[in-house]
Student: 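Before I ask anything, let me first share the structure, which is written out below as structure tokens.
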Amino acid sequence: MSDDSPRDDKPSGLTRRALFKGAGAAAAAGAVFRSIEAGAKESDTVPANVQGPGTVPVELDVNGAKKKLEIEPRQTLLEVLRLPLDLTGAKPVCDRGTCGACTVWLDEKPVYACTVLGVEAAGRKVTTVEGLGTPEAMSSIQKTFVAEDALQCGFCTPGMVMSAAWAVKKHGKDLTEDQARAACAGNLCRCGTYPHVLKAALACARKGS
Amino acid sequence: MPRQVTYKVGIENFEKYRKEVEGAVQEITVEVHELDAEPWPVDTPLRHVGHDIPRLDAPAKVTGAAKYTYDINTAGMTYCGFVTSPHAHAIIKKVDASKAESMKGVLGVKTFEGNRATYPGYIAAGVCAESPGILDDALQAIQVDYEVKPGPCTTEDAMKPGAETVDMRGESNVRGGRPMQRGKIDEAFGSADVKVAGEYRTAVQTHSCLEPHGSVVQVNPDGGATVWASTQATSGFARGAFLRGLGVQRNRVRVLTEHMGGGFGSKFGPGSWDAIAAEFAAKTKRPVKMLLSRRMEHLLGGNRPDSIQKLELAGTKDGSFLGIRGETWGTAGNGGRGAGATNTMVYNWPARAMRQNGVNTFSMWGRAFRAPRHPQGSFAMEAIIERYAHEIGMDPLAVRMKNDPHPIRQVQWRIGADRIDWKKNRRKVPGSDKGVVKRGLGCAAARWSQAGRHMSRGGPYTVDIAIDREGNVTVANCVQDIGTGIRTVMAILAAEELGTDPSLINVEVGDSRLKPGPGSGGSTTSPTIGPAVRTACVVAKDSLKALLALEWNVDESKIEWTDGDFVDPAGKRATFPQACSLIGDDGLRVSGQRQRNWTSPYRETAGCQFAQVSVDTETGVITVEKVVAVHDCGRVVDALTARNQVNGGVIQGISYALYEEKQLDRNLGDMVNPTFDTYRIMGMADCPEIDAVMTSVVSGFNNAGMMGLGEPATVPTAAAVANAVFNAIGVEVPELPMTPARVLTALEGKQG
């Protein structure tokens, strides 16, 4: 299971443990901001690597294009993708790293974009569902999702596509049903499209891309 | 002049099985309106209808190009969110929003001081801000003082004598339903060889739509308004408090639902949250985006009420039902609808007597949830049938077939039994497997009764069709595609009728400027709109015939439509594109109206499901290994999307059977699991093999023979799984979800 579940991969895949550690760090940073407000000298309390409050400049590499942005350090990658960049394929659903609707690739591996800060993505390669293909020029996995009807309302679909595409990319023609299941196990779908998603992932792998 | 048409209706596939059942194919005579399309009889070869056709909107959805309400980012957007009460029952004494109001970027605050908050999640304050970050800061800066009052939140607590009542007038929270009685119930129970009694319970299930309820509201400089709404009833969305909040005349409001992320019955009207967003939009003159948080979605977005069901069955010792009686209770929240359990349908019950009671509780009211009342009722009714069959030593499938009057389901039971290998895989003695992990099979029946409607209170449902001289076809109605694929169904029917390809049809839906469409409820969408698409195409072809008649200088009544071409008696022939080339530059625009339903021998849609489970008797964990789901939706228009929808019904049903439960803090009444990591819905890892089988049944109700599918597909799943568990372990688990703890408790009871 751990071999096929992208989110257990180390080092770049985000684990729950890493997420909670990150949350602890964020809480500590909050304490620092309050002490600034209370009038302490900035140089006394703020370590050099603390960013914010307020916006900071970042350069993101999204779908192969460099984007210069001013973002708040507290903004998640998901928020940055959806709002300033208007890449709304990745969806906000659970807001806490459970449902996978916001799945994107960070350095070619799936992550929940709601559990990565925008500033953390600086200098790394971000790929969203829009980067895989467009309605006029779909990627192989997207075409197979269409052919197998691996979607209904479509709200989980961009995340599901990113997880399935990763499984196909990683295992190629040899992708097994268990591997495909494991790759998509972190993507919830309320309409119940799992059987068709599974078929699409396996069919796409068999075709080769 | 209407014409009499005699034609064959019934099952058009599964030749082998349909021959075995009387009435599976029948001849009927109907009166067809002069503008209506000719009904397609059983076994009509069709080019597109009934085939596997990918949905039209799939390319946009798999690439992230599809824009949902949540994805609308217009210039000058503002963001609306809420502070909500955590109490079952409280008076909102004071809302201190002074800090929030003074924050830079906060555009509006609305508070509800003095209101009586009668459910957790009740809105105490709403805020509108320039960015999501400022909104978060402002919401956290608002302090609310509550005067907490007693508020029983579970069905059982609310039923207790002296319990605080929700409506503050009545003496009791129990809203007794009207008793229903058919046949001589006392006689049935008096003369029965066998009587079986049971008490069954089901938990509250939340809709858990992935896209929460919400809207983007914009008051335009010209005095009109544009609303993007995540709704399953676009035509009627602009109404009530929402419309008043907007302060715009109803006919100046345009509502758009191009795509929406799941409804399942929970997204019909606007909510109080939409009304607050509308007020902010009116005040700020800027677009306002308001989507509920996941917590609010769980608390407020809708739920399937729980149930307590006491049932008794009377029967003969050779497997004939004599009667069923009982009483049910379910939480209605603050007086909503949908509480109860429908559990005396499907089979022949010579006598039945039921009473369904709604119980007011201090929680948000339930909303229609995919087949309201049916999965609850099916679970209890099928469980008691299972026990009855066990009592008299008969195969439970044979008992069901013996008492099932529906010829279509008689065919389906046979198909399902073969595909799950009932004879081989059912345990003749329940619980007889050796070892820790035990397997079993169960089955249950589905029913539904919707063949669509011909009109709303706004007149007959009407589909517009526009054709240009290049032969491009647009089919349009305001109906929304909630993921069930109505867009594609409309394209397939138009392509079939016009002799073109579905991928070439442009379908416009989800726009209130189009002719009113039905709300997507009751599994009526496809059978309401589908036949009107055919009618519109007939009208369009008549217009083309008129153009050809001028061109060919013949009487238009002489021109026939044959094999996808227009032909006249002299042998002149025009393909559809050739005929279209005669259309002027302003295009051809006509409409077709949905005609009244005819009567059909198949009053209900039929379905049945079979489940195979394994149960670990040490841990109590149930694994569903396989489900065979055989369903009827009238004529199948798109076999690919139909199977997908059946899979979805099964998956929601298993999720309901095993995992889903809105858990309340027993003292405070607040939901303790309003997140997707604590409120479990089924994921890919738990998903069994599902064999979704469509019996395509020409229903006889309308020109396309269509009926509904979405709801029946989820009706029998929990019951089939529960019966399989009984077959595996030899004891029933009488409460949903069948958690490991409940399984172990049931096993302990068996040993004791």
Side-chain angles (χ1 to χ4, degrees), chain A residues 1 72 74-75 79 82-83 86-99 101 128-130 132-136 138-139 141-143 145-158 160-161 180-198, chain B residues 52-55 57-68 70-73 77 131-133 207-212 259-264 291 293-294 481-485 638 640-641 643-645 647-652 655 675-677 681-687 689-690 692:
Chain A
M1 177 82 181
E72 287 186 66
R74 66 174 172 176
Q75 283 185 283
E79 289 168 334
R82 288 179 55 82
L83 198 45
D86 201 27
L87 291 168
T88 54
K91 302 285 189 258
V93 170
C94 71
D95 202 30
R96 49 194 283 151
T98 306
C99 76
T128 72
V129 73
E130 291 92 344
L132 291 194
T134 61
E136 296 74 32
M138 288 185 280
S139 63
I141 188 75
Q142 288 165 322
K143 282 183 198 159
F145 262 61
V146 174
E148 299 289 345
D149 197 39
L151 67 151
Q152 286 182 40
C153 84
F155 211 69
C156 75
T157 307
M160 203 69 96
V161 165
R181 271 180 193 273
C184 300
N187 293 79
L188 295 177
C189 168
R190 190 49 158 170
C191 300
T193 58
Y194 305 123
H196 284 200
V197 168
L198 204 53
Chain B
D52 279 18
I53 302 191
R55 66 183 74 216
D57 45 351
K61 285 178 172 177
V62 301
T63 55
K67 293 286 181 188
Y68 296 74
Y70 216 142
D71 302 332
I72 302 300
N73 287 332
M77 186 69 84
S131 77
H207 290 69
S208 294
C209 309
L210 291 202
E211 182 180 40
H259 302 286
M260 63 87 83
F264 311 108
L291 278 299
S293 66
R294 183 51 47 190
D481 193 334
I482 65 171
T484 46
D638 186 340
L640 180 63
T641 57
R643 289 196 305 274
N644 197 350
Q645 202 173 162
N647 287 341
V650 170
I651 287 167
Q652 279 189 2
S655 198
T675 65
F676 273 139
D677 45 343
I681 67 171
M682 188 204 264
M684 178 80 99
D686 303 313
C687 186
E689 178 192 348
I690 301 172

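In what follows, chains are A, B, ... by sequence order, proteins preceding strands, each numbered from 1. All figures in this text were calculated on a predicted structure; none of them were measured in a lab.
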Student: Does a side-chain heavy-atom distance below 4.5 Å link A:L151 with B:R55?
Tutor: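 Side chain of A:L151 against side chain of B:R55, heavy atoms only: contact under 4.5 Å found.
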
Student: Side chain from CB out, backbone as N, CA, C, O: work out which of these in A:E136 comes under 4.5 Å of a heavy atom of chain B, or both, or neither.
Tutor: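 No part of A:E136 comes within 4.5 Å of chain B.
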
Student: Counting heavy-atom pairs closer than 4.5 Å to chain A, which one of B:C687, B:C209, B:P54, B:A692 comes out on top?
Tutor: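 The option with the most such pairs is B:C687.
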
Student: Which answer fits A:L132, side chain, backbone, both or neither, if we ask what part of it has an atom under 4.5 Å from a heavy atom of chain B?
Tutor: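 Neither part; nothing is under 4.5 Å.
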
Student: Under 4.5 Å heavy-atom distance to chain B, tell me which part of A:L87 shows up: side chain, backbone, both or neither.
Tutor: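 Interface part for A:L87: neither.
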
Student: Could you walk me through whether B:N73 and A:T88 satisfy the side chain to side chain contact (heavy atoms under 4.5 Å, CB included) test, starting with their C-alpha distance in whole Å, then the side-chain angles of each, then the deciding distance to 0.1 Å, before giving a yes or no?
Tutor: CA-CA 9 Å; B:N73 287 332; A:T88 54; 3.8 Å; yes

Student: Counting heavy-atom pairs under 4.5 Å to chain B, which of A:A180, A:A90, A:S139, A:P92 comes out on top?
Tutor: A:P92

Student: Find out whether the Lys NZ or Arg CZ of A:R190 is both under 6.0 angstrom from the six-membered ring centre of B:F676 and within 45° of the ring's axis.
Tutor: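 No, a cation-pi geometry is absent between A:R190 and B:F676.
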
Student: What part of B:S655 gets closer than 4.5 Å to chain A, counting heavy atoms only: side chain, backbone, both or neither?
Tutor: side chain

Student: Could you tell me which non-hydrogen atom of B:V62 sits nearest to which non-hydrogen atom of A:Q142, and how far apart they are?
Tutor: O-NE2, 3.0 Å

Student: With rounding to the nearest 0.5 angstrom, report the OG1 to CZ distance, A:T98 to B:R294.
Tutor: 10.5 Å

Student: Which heavy atom of A:C184 sits nearest a heavy atom of B:M684, and at what distance?
Tutor: CB-CE, 3.5 Å

Student: Quick one: which of A:T134, A:V197, A:D149 has the most heavy-atom pairs under 4.5 Å with chain B, could you say?
Tutor: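 Looking at each of A:T134, A:V197, A:D149 in turn, A:D149 comes out on top.
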
Student: What distance do B:D71 atom CG and A:F155 atom CZ have between them, rounded to the nearest 0.5 Å?
Tutor: 6.0 Å

Student: Do the non-hydrogen side-chain atoms of B:N644 and A:C191 ever get within less than 4.5 Å of each other?
Tutor: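 SC-SC contact between B:N644 and A:C191 ruled out.
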
Student: May I ask you to name which of B:S131, B:A66, B:G133 has the most heavy-atom pairs under 4.5 Å with chain A?
Tutor: B:G133

Student: What part of A:L198 lies closer than 4.5 angstrom to a heavy atom of chain B: side chain, backbone, both or neither?
Tutor: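 Interface part for A:L198: both.
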
Student: Does a side-chain heavy-atom distance below 4.5 Å link B:T641 with A:Q152?
Tutor: no

Student: Tell me, for B:Y68 versus chain A, whether the close heavy atoms (under 4.5 Å) come from the side chain, the backbone, both or neither.
Tutor: side chain

Student: Counting heavy-atom pairs under 4.5 Å to chain B, which of A:G89, A:C156, A:P158, A:P195 comes out on top?
Tutor: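 Answer, by heavy-atom pair count under 4.5 Å with chain B: A:P195.
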
Student: Out of B:G263, B:A60, B:G483, return the one with the most heavy atom pairs under 4.5 angstrom to chain A.
Tutor: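 Option with the greatest count: B:G483.
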
Student: Side chains of B:N647 and A:H196, heavy atoms from C-beta outward: is any pair under 4.5 Å?
Tutor: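 With C-beta onward as the side chain, the pair touches.
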
Student: Counting heavy-atom pairs closer than 4.5 Å to chain A, which one of B:P59, B:G262, B:A58 comes out on top?
Tutor: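 Going by pairs under 4.5 Å, I would pick B:P59.
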
Student: Could you go step by step and tell me if B:K67 and A:D86 meet the side chain to side chain contact (heavy atoms under 4.5 Å, CB included) rule?
Tutor: CA-CA 11 Å; B:K67 293 286 181 188; A:D86 201 27; 3.8 Å; yes

Student: So which residue, A:A150, A:G154, A:A101, ends up with the most heavy-atom pairs under 4.5 Å with chain B?
Tutor: A:G154

Student: Give the member of B:G261, B:G64, B:G683 that has the highest number of heavy-atom pairs under 4.5 Å with chain A.
Tutor: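 That would be B:G683.
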
Student: Would you say B:Y70 and A:R82 make side-chain contact, with heavy atoms under 4.5 Å?
Tutor: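 B:Y70 reaches A:R82 side chain to side chain.
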
Student: Heavy-atom pairs under 4.5 Å with chain B are the metric here; pick the option from A:K143, A:R74, A:E72 that has the most.
Tutor: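 Of the options given, most contacts go to A:R74.
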
Student: Give the member of A:T128, A:T193, A:I141, A:L83 that has the highest number of heavy-atom pairs under 4.5 Å with chain B.
Tutor: A:L83

Student: Under 4.5 Å heavy-atom distance to chain B, tell me which part of A:V161 shows up: side chain, backbone, both or neither.
Tutor: side chain

Student: Does A:C99 reach the side chain of B:L210, with side-chain heavy atoms less than 4.5 Å apart?
Tutor: no

